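Right, one structure below, let's go through it.
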Amino acid sequence: MERKVHVQTTINGEPAEFLCEPRQSLLECLRDILNLTGTKEGCNDGNCGACTVTMDGRIVTSCLVLGVEAEGAEITTIEGIARGNELHPLQKAFLEEAALQCGICTPGFIVAAKALLDQEPHPTEERIRWWLANNLCRCTGYDKIVKAVQKAAQEVTL
Amino acid sequence: MKWFDYQAPRNIGEAVEAMTLHPTARPLAGGTDLLVQMRAGRRTPDLIVDIKKIPELNQLHFEPGLGLTLGAAVPCYRIYNDSAVSRAYPSLAEVANIIGGTQIQGRASIGGNLCNAAPSADSIPLLIALGATARITGPSGERTIDVAAFCTAPGVNVLQPGEILVSIQIPPTAGGARYLRFIPRNEMDIAVAGAGVSVTLSNGNIQSAKIALASVAPTPITVDASSLSGAPVNDDTLKKAGELAAAAAKPITDMRGTADYRRHLCAVLTRRALASAIAAAKESK
Amino acid sequence: MSTQYNVIGTRPIRHDGADKVTGRALYGADIQLNGLLHGAILRSPHAHARIKRIDTSKAEALPGVKAVATAADFPAAGDKIVDLGEGATPLSYIRGNVLAQGKVLYRGHAIAGVAATSAHIAEEAASLIEVEYEVLPCTLTAPDAMKDGAPILHEDLHMQEFGKKTDKVNNVADHFRFSIGDAEKGFEEADLIIEREFHTSTVHQGYIEPHNATVLWNNDGRVQVWTSTQGSFVVRDTTACILDLPVAQVKVTPMEIGGGFGGKIPVYLEPVAAVLSKKSGRPVKIVMTRKDVFEASGPTPGSYIRAKIGAKRDGTFTAAQAYLAYEAGAYPGAMVGPGAMCIFAAYDIKNVTVDGYDVVVNKPSTAAYRAPGATNAAFAAESVVDEIAEKLGIDPVDIRLKNAAKEGTQRVDGPKYRRVGCVEVLQAIKASEHYNAPLGGPNRGRGIGIGFWFNVGLPSSCTISVNADGSVNLVEGSTDIGGTRTSIAMQAAEVLGIPAEQVHPSVVDTDSIGFTAVTGGSRTTFATGWAAIEAARDIVRQMKERAAKLWETEPAEVNFENGVFSKNGKSMPFAELASKIGETGGPIVGRGAVNPRGVGGSFAGAIADVEVDPETGKTQVVRFTSIQDVGKAIHPAYVEGQMQGGSVQGIGWGLNEEYYMDTTGTMRNSSLLDYRMPTALDLPMIETIIVEVPNPGHPFGVRGVGEANIVPPPAALANAIHQAAGVRLRTLPMKPSTIMEAVWAK
């Protein structure tokens, strides 16, 4: 019998619940059911990082997580990064350093970079590049993205 | 994707029961291979059994003298974030850190890498070189087999209907080990060839060495390295190890590289990995 | 003499910035509508086959399916020829690529569309459509497709040669020749002649956002489209053409676009979604999978090129000749024309002949990719130039400087350059710290390359309205792929003497702005910027009238400078006068509609340092500098971004990217795992040197900056690899196995 599943979870600090089919990915649930379209789909097989969210503190590609796996988990999406009306230092740095062009990869980069800075406030350039290797950007050549993360790292610790 | 049902059992018994009742069921750990294959229509299970809520499959426990118990569902990041495991098996921590990117490592498990049985699996040659065994449970009880015998064909393993991999057991190591792969990018890539090597030393000579290769046969393969026992640690020995690997490789030409190039890479990677493993063995003494 | 600007040359925060760092910006796939259905496309598993029968009954019977469409649902194309901005093309080709009729010409070719209540059901339904094929042999490369006896893609395609239709039916759609001087005589004057053959693979633009379209065929007969596209008016006109509707019966709302690079100009999904919407009475959204993007959108041509240059002992080039055969994919239109114009465009050579061949093959129909056709060509020409420099013992920059194109140089296709910056780019390379720095290690090499792109003008529209608070609203039709809202707004701000932040730019739908051509050809900051300048000037003219009214004088007596209106000691800043528009006559709206000539071509150079592992052949880029004549950098940070992004796409093209096709025409690496675009970990910082030789054809000296930067990198890398590994690679990509095989062959 094909029945949808009721999922109770926490998204961006708020309790959330939804009904989904087991075959729906977390990405689909966020976008199509919860209307959180800031998380983007680029490849649907875990190789571009545009759908990056944090799940219980770890970054994951939400296209490779089933929506039903969110049961009891804590999810953070790009919509939960700004502090109220105040942009997160990473978001500010991305704007100041012109670290986006088309912007489709930006939510994934910001969510991924924030997870890095949360655990390592002073990453080296090499470490930033390593951490972000699962996030593809086709516009910038990464130069300004890496610089924005470096800049935000300074601001976060100030 | 075709419709499937989802269960998340809390213990091994429930998992085995579900897997037994549904012959096409697939266990889900990180899902980073399974969901991709399902989306591509390569696998069409009617049930997904999420094994991440089963305590035994989440075990990560190192006991000096006994070795490492690595639960089948333990995601890569837990391995390299665990200081005791990283100290005891630096080569394993390194492999956990090169499978996929950061996001993939938040989900993917070594157990899943083994069960997926890809010829290119990065962890399997190292597990073979480390002498790892696989603990399997199923409807007719428990069994343990060598990781070296686990994969039987591309994407196929020894698990019988109803069976699941519970954990991987890695014995204590007395020497050094290293896995090296060749990829055209620096991350996020599938090995064109890979070599896992472990070595123990005695009086400055090689006491024993184990070599296994990725991406050069339908399954990860073991190279007979017994002729290296007793050999001195020098460039000739390293070169000989490389030649043994190249001779054992049975590569094909595909989008990732030609057969000749892959055979050549086996020699280069084995030589480099052995040199690195020897250095690690000296350091650990 | 440099002009002083207040806004131009500064680095304001982009106007759409907050939306794009918070996830609020709405891209094509983000649209949600009441009653929305989800679509899926059935695609051909064969590279070349006749469709004998399509049976959609099982798909239609699946619960949740609301409509199925095939080519039979489109109005007949007949033999209509249309020009939708890419030259005259048979409508049957454009339509045939959207849904195949009669034959499939590449694996991934769309055959039918399904709309259902969920994407999963639509996908399942598409797989239930039964198609009976007669599989035909396929042909996959230009040299193979040109052979006698090669499988013929289009039985009705007569080869055009030197501008005339012939009665030959082969896979060559067009053979043309450009010629200046007398190449044969020029080669006789040469002391050294080098001729080499080059092969380049099909590559993809690699935008991260897949193609998408959402269409509502409304009950009043209007067709409303939401999509991410480089040109909303192209989508409007193409969709209307395929559906045989008056153009303005279609309204296109451009959503934010997640990259394009030329690949989001063609239309793939909109007409199918429209038919599905008409049949179901509900809006339909279709989003391509990544595999579809690789297999069924428009990559850029693979090519075979022969390039020959003759030089005197002192390095002077006496003649050049080239043969270019580009793979158009399934339908004619490979970018071989621009390739032929660009191959020697950086040099002042008096005797040049270039032959170009547009060849159809069983691969996806190709599209533009950033300086389309020029990168393949520069890889060939710049490799030959490097070899000549080496053989003659001349520094690679010096030999290029000696022959560099300048004002008055005639290109092979005829035009003579106005003021261009080729020499200045080369001088910047020569003077750079990078070019003069030590290599810093073994197995390293340094190479340079230069390249050219024309840039284009084309029509653009803009309106500006004045707000009482002293700000203005700017409305335009150029979809913003890389910050052009801001580079356009800055030009208006400069004219109006107000800060960039006081301009509020909007990109609007096709009902709400005058015709505007695509965001492409490096034209947006140039042409839509110019429309904004015109609209701003219109504002200034009208504001002067208001000031004149207040001061009881003639408008011609009112001065306007640095944002302040003045006359005889009386003055009023823009904002103050704006606050009085209500009392001085009501709203003020300025308009700009342009189709500018005066396009300035752009030259770019690259310096690449590489390290090649002698045992694996793997190339690591250790240092890279992009140098470009940008005319005038409006927003330098985004200019640098264009240079860095183009450079890295060029690096990917040079080192690893390729369509790896098996003999049946199946792409074996149609994922972002195996297509191997560069990751952050594969690259160093990309240094930039902005050269500013103002374009005399634009009010602020703007040249387009989007494209020329991708042209030199593969050549620069090849030249660097030669120094590092001792082998000259003449095949792209220069992947590790190719380098190793070349080393072994030596």
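Chain identifiers are assigned alphabetically (A, B, ...) following the order of the sequence lines, protein sequences preceding nucleic acid strands; residue numbering begins at 1 within each chain. For clarity, every value in this text was computed on a predicted model and none was experimentally measured.
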Of all the residues in residues 70-82 of chain B, which have a heavy atom that comes within less than 4.5 Å of a heavy atom in chain A?
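The list, in residue order, reads B:Tyr77, B:Tyr80, B:Asn81.
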Report, by ascending residue number, the residues of residues 112-120 of chain B in heavy-atom contact with chain A at a distance under 4.5 Å; give 'none' if the set is empty.
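Near chain A, by residue number: none.
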With sequence neighbours left out, what residues match B:Thr258 under side-chain hydrogen bond (donor to acceptor under 3.5 Å, both in side chains)?
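B:Thr258 satisfies side-chain hydrogen bond (donor to acceptor under 3.5 Å, both in side chains) with C:Glu741 only.
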Run the side-chain contact (heavy atoms from CB on, under 4.5 Å) check on A:Leu136 and B:Met188 step by step: do they pass?
CA-CA 10 Å; A:Leu136 292 175; B:Met188 296 301 294; over 6 Å; no
Measuring from atom [atom1] of [X] to atom [atom2] of [Y], what distance do you get when rounded to the nearest 0.5 angstrom?
X: B:Thr102; Y: A:Leu132; atom1: OG1; atom2: CG; result: 7.0 Å
X: A:Arg23; Y: B:Trp3; atom1: CZ; atom2: CH2; result: 6.5 Å
X: A:Arg3; Y: B:Asp5; atom1: CZ; atom2: CG; result: 10.5 Å
X: A:Ile59; Y: B:Gln105; atom1: CD1; atom2: CD; result: 9.0 Å

Does a side chain donor of either B:Gln103 or A:Thr61 reach within less than 3.5 Å of an acceptor in the other side chain?
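Side-chain D/A pair, B:Gln103 to A:Thr61: absent.
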Donor + acceptor pair across side chains of B:Glu187, A:Asn134 (<3.5 Å):
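Absent: no donor and acceptor within the cut-off.
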With respect to chain B, which residue among [options] yields the maximal number of heavy-atom pairs within a distance under 4.5 Å?
options: A:Thr52, A:Asn44, A:Leu116, A:Asn135; answer: A:Asn44
options: A:Gly57, A:Cys63, A:Ala112, A:Ala115; answer: A:Cys63
options: A:Asp45, A:Val68, A:Asn47; answer: A:Val68

Can you sort out the partners of A:Glu74 under side-chain contact (heavy atoms from CB on, under 4.5 Å), two or more places apart, ordered by chain and number?
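Per chain and number, A:Glu74 pairs via side-chain contact (heavy atoms from CB on, under 4.5 Å) with A:Thr10, A:Asp56.
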With respect to chain A, which residue among B:Asn97, B:Asp50, B:Leu34 yields the maximal number of heavy-atom pairs within a distance under 4.5 Å?
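Looking at each of B:Asn97, B:Asp50, B:Leu34 in turn, B:Asn97 comes out on top.
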Selection from B:Arg107, B:Met1, B:Arg185 maximising heavy-atom pairs under 4.5 Å formed with chain A
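Answer, by heavy-atom pair count under 4.5 Å with chain A: B:Arg107.
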Verdict with supporting geometry, B:Leu28 and A:Leu66, side-chain contact (heavy atoms from CB on, under 4.5 Å)
CA-CA 10 Å; B:Leu28 170 77; A:Leu66 296 175; 4.0 Å; yes
Report, as yes or no, whether the 6.0 Å neighbourhood of atom CD on B:Gln59 holds more than 12 heavy atoms from other residues, nucleotides or ligands.
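It does: B:Gln59 CD has more than 12 such atoms within range.
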Do you know the tightest heavy-atom contact between B:Val36 and A:Leu64?
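For B:Val36 versus A:Leu64, the nearest heavy atoms are CG2-CD2, 3.7 Å.
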Could you tell me which non-hydrogen atom of A:Glu69 sits nearest to which non-hydrogen atom of B:Tyr6, and how far apart they are?
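Looking at all heavy atoms of both residues, the shortest contact is CG-OH, 3.8 Å.
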Is it the backbone or the side chain of B:Lys2 that comes under 4.5 Å from a heavy atom of chain A, or both, or neither?
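For B:Lys2, the backbone is the part near chain A, not the side chain.
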Chain B contact via A:Val65 - which portion, at a heavy-atom distance below 4.5 Å
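Both parts, backbone and side chain.
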